[in-house]
Amino acid sequence: MSRLVIFSNRVPADGPPSGGLVVALQSTMDNRGGLWIGTEPGDEEPPDTLIPRQGETFDRLTMPLSRAEHEDYYLGYANSVLWPMLHGRVDLLDVSSGQRATYEAVNRRLAKLARPHLRDTDILWIHDYHLIPLAAALRELGVTNPIGFFLHTPFPDAGSVQALSHSDSFLRWFAAYDLVGLQTSRDVARFLDAFRSAGAAQLISGRCIRWQDEIIRVGSFPIGIDADGFRDMAEDAIRTQTPPLSSHRLMIGVDRLDYTKGIPNRLRGFQTYLRDHPAEEDRIAFVQIAPPTREDVGAYMDVRRELEQLSGEVNGEFSDIGYVPVQYIHRAVARSAISGLLRRADIALITPLNDGMNLVAKEFVAAQDPEDPGVLVLSKFAGAAEQLEGGAVLINPHDPASVADGIRKAARMPVGERRQRHEQMYDILRQSNGDWWADSYLRALEASAVIRISNLASLGQGSLGPMTSPLAAFPGKL
Ligand code: ADP
């Protein structure tokens with residue numbers, strides 16, 4: 001088996017995995033070994049070399065970033081330009097000069113330092129929006145290995161892509177990959193549409209286009225979790241956790257405090273629910289865990305202030321002796337404790353405005369007791385909704401009445417319906433777990449690379465027709 005080399009912004013520390021990307025990839029790396037390369041914040045003048053990091057089962061190398069690189073590449077271009085753009089928040093774009101140049105320079109430096117560590121037979125898998133130009137930089141250095149990319153965020157609509165002043169170079173970065181992996185079929189449709197809107201694109205198949213003389217292959221590979229492992233952790237956790245004192249039904253939200261997660265929207269929806277259901281027996285205690293993230297970026301401070309103000313407002317309006325409607329915990333909580341809380345919860349309220357997948361939704365389903373499962377109330381804009389639409393209660397996070405209606409439906413759902421919905425979702429989680437995600441992506445990458453190397457010329461002679469909008473294939477889901 002070829003050695004797998006993963007590239008991502010951060011390299012996992014030794015110990016239990018945290019964060020969606022690491023959770024999904026670590027078991028693959030634990031099983032097959034390989035090399036994981038990433039960056040880390042460094043000093044004023046960090047060494048121009050990769051540093052080995054401690055870890056069992058696979059090798060790890062990191063490139064320390066200078067303070068200026070961290071500012072302009074990580075906080076600046078990746079998190080203040082690409083992140084909002086990828087989530088369709090072009091109103092938040094901060095396109096200051098110089099940041100894009102640093103972003104590309106960091107990718108080129110990483111390619112240069114990684115090059116001597118690569119073998120001819122390696123398979124390279126690059127992850128997420130921090131490193132989109134890395135394949136182009138490696139190809140410039142003569143790397144001909146199979147190189148795949150996986151985008152963990154949503155792929156945006158064509159209009160958002162065009163809000164970048166260099167949208168053509170953004171699209172061109174993808175052309176250096178043998179296979180671009182996205183979370184959902186809706187993302188694939190948007191990806192193809194972005195190229196079509198940029199002009200001169202021809203559809204070769206539903207997963208392959210020719211654009212400005214480049215052949216680009218794409219597919220959807222929904223990221224999964226180890227559902228049985230998470231269920232076991234949740235069962236262990238409730239044995240050791242102190243149960244909550246509240247006698248009310250428990251509703252939970254767990255997210256990084258990010259403006260894409262729609263946390264203020266969920267509080268407005270809960271406020272509407274409480275206004276519409278004043279009876280004591282309808283009371284629900286809502287626990288929102290939202291640890292700080294990227295606090296150096298202005299838009300994150302704004303959402304924090306909004307959340308604090310809203311939770312104070314809801315508590316002021318509805319608290320009673322023995323009843324506090326909203327408990328807001330602004331810090332990271334251990335993964336096992338989260339699994340226990342998810343298991344205890346009667347409802348999970350997950351309302352992103354736009355989300356690549358949302359693993360918390362899957363973790364909630366995995367954590368449930370199959371005999372008495374809780375109900376997942378899920379935004380239709382989470383990637384997870386594409387797989388879980390049959391079992392979750394889908395809502396529109398922009399409409400407080402829709403959120404409130406979802407909460408009401410979940411709170412009143414009979415146990416028979418809860419069991420049936422849970423079983424359906426759990427089956428899907430088991431069929432498409434984290435190992436399945438990595439295996440199916442890597443198989444498709446190897447097949448794409450074989451086509452590129454052996455058959456590129458003849459592929460170009462195929463029957464190319466003018467490209468119609470791929471969005472037409474997903475009329476109900478957009
Ligand atoms: P994102 O990758 O955008 O943060 P996901 O829901 O896809 O969102 O993945 C988040 C991962 O981080 C999940 O595995 C979740 O359990 C974990 N996580 C989220 N919030 C917290 C928290 N408050 N404390 C600890 N882990 C968290």
Side-chain angles (χ1 to χ4, degrees), residues 82 85-86 88 123-129 131-140 144-164 166-222 356 383 386 440-475 477-478:
L82 289 181
M85 191 281 292
L86 290 163
I123 292 179
L124 277 47
W125 194 7
I126 295 168
H127 287 262
D128 233 0
Y129 60 100
L131 302 177
I132 308 173
L134 187 58
L138 286 163
R139 297 281 188 227
E140 273 172 26
T144 56
N145 302 49
I147 311 183
F149 180 75
F150 192 83
L151 184 66
H152 292 254
T153 70
F155 196 88
D157 60 283
S160 298
V161 174
Q162 281 163 19
L164 292 176
H166 62 289
S167 52
D168 264 27
S169 357
F170 171 79
L171 294 175
R172 188 166 291 283
W173 289 336
F174 292 98
Y177 290 97
D178 290 299
L179 177 65
V180 174
L182 301 172
Q183 299 272 26
T184 66
S185 53
R186 178 164 58 184
D187 294 310
V188 170
R190 286 188 183 142
F191 182 85
L192 297 174
D193 196 50
F195 286 91
R196 186 189 64 86
S197 301
Q202 291 176 298
L203 196 60
I204 294 173
S205 75
R207 297 283 181 265
C208 183
I209 43 171
R210 175 194 281 275
W211 180 71
Q212 298 184 355
D213 291 329
E214 307 277 6
I215 302 286
I216 304 168
R217 287 182 188 78
V218 61
S220 73
F221 302 86
E386 193 164 292
S440 57
Y441 177 84
L442 289 170
R443 269 200 310 276
L445 170 60
E446 287 184 87
S448 293
V450 167
I451 294 171
R452 172 176 59 87
I453 291 160
S454 66
N455 204 19
L456 193 59
S458 65
L459 204 136
Q461 311 303 314
S463 57
L464 302 178
M467 192 172 167
T468 52
S469 172
L471 295 182
F474 301 91
K477 296 192 173 173
L478 288 164

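Basis for what follows: all heavy atoms, side chains included, without hydrogens, waters or symmetry-related copies. Remember, it's a predicted structure, so these values are computed and weren't measured experimentally.
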Got [X] and [Y] here, is their nearest side-chain heavy-atom distance under 4.5 Å?
{"X": "Phe195", "Y": "Gln212", "answer": "no"}
{"X": "Phe155", "Y": "Val180", "answer": "no"}
{"X": "Glu386", "Y": "Pro222", "answer": "no"}
{"X": "Ile126", "Y": "Leu138", "answer": "yes"}
{"X": "Asp128", "Y": "Thr153", "answer": "yes"}

Closest heavy-atom contact between [X] and [Y]?
{"X": "Gly181", "Y": "Phe221", "value": "CA-CD1, 3.9 Å"}
{"X": "Leu179", "Y": "Gly219", "value": "CD1-N, 4.3 Å"}
{"X": "Ser160", "Y": "Met85", "value": "O-CG, 3.4 Å"}
{"X": "Ile215", "Y": "Cys208", "value": "CG2-SG, 3.7 Å"}
{"X": "Asp187", "Y": "Pro154", "value": "OD1-CA, 3.5 Å"}
{"X": "Trp211", "Y": "Ala198", "value": "NE1-CB, 4.0 Å"}

How many angstroms lie between atom [atom1] of [X] and atom [atom2] of [Y], to the nearest 0.5 angstrom?
{"X": "Arg186", "Y": "Ser220", "atom1": "CZ", "atom2": "OG", "result": "12.0 Å"}
{"X": "Phe150", "Y": "Leu131", "atom1": "CZ", "atom2": "CG", "result": "14.5 Å"}
{"X": "Leu151", "Y": "Leu182", "atom1": "CG", "atom2": "CG", "result": "6.0 Å"}
{"X": "Leu134", "Y": "Leu124", "atom1": "CG", "atom2": "CG", "result": "8.0 Å"}
{"X": "Gln183", "Y": "His152", "atom1": "CD", "atom2": "NE2", "result": "7.0 Å"}
{"X": "Arg210", "Y": "Leu203", "atom1": "CZ", "atom2": "CG", "result": "12.5 Å"}

Exercise. When the aromatic ring centroids of Phe149 and Trp173 are compared, is their separation below 6.0 Å?
Worked result: no

Exercise. Parallel, tilted or perpendicular for Phe174 and Phe170, by the 30°/60° rule?
Worked result: perpendicular

Exercise. Is the His127 ring parallel, tilted or perpendicular to the Trp125 ring (thresholds 30°, 60°)?
Worked result: tilted

For this session: Flag the pair Arg196 and Asp193 as a salt bridge only when some basic side-chain nitrogen lies within less than 4.0 angstrom of an acidic carboxylate oxygen.
Result: yes

For this session: Verify, without hydrogens or angle tests, whether Glu214 (side chain) and Arg172 (backbone) share a donor-acceptor contact under 3.5 angstrom.
Result: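 A pair under 3.5 Å: no.
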
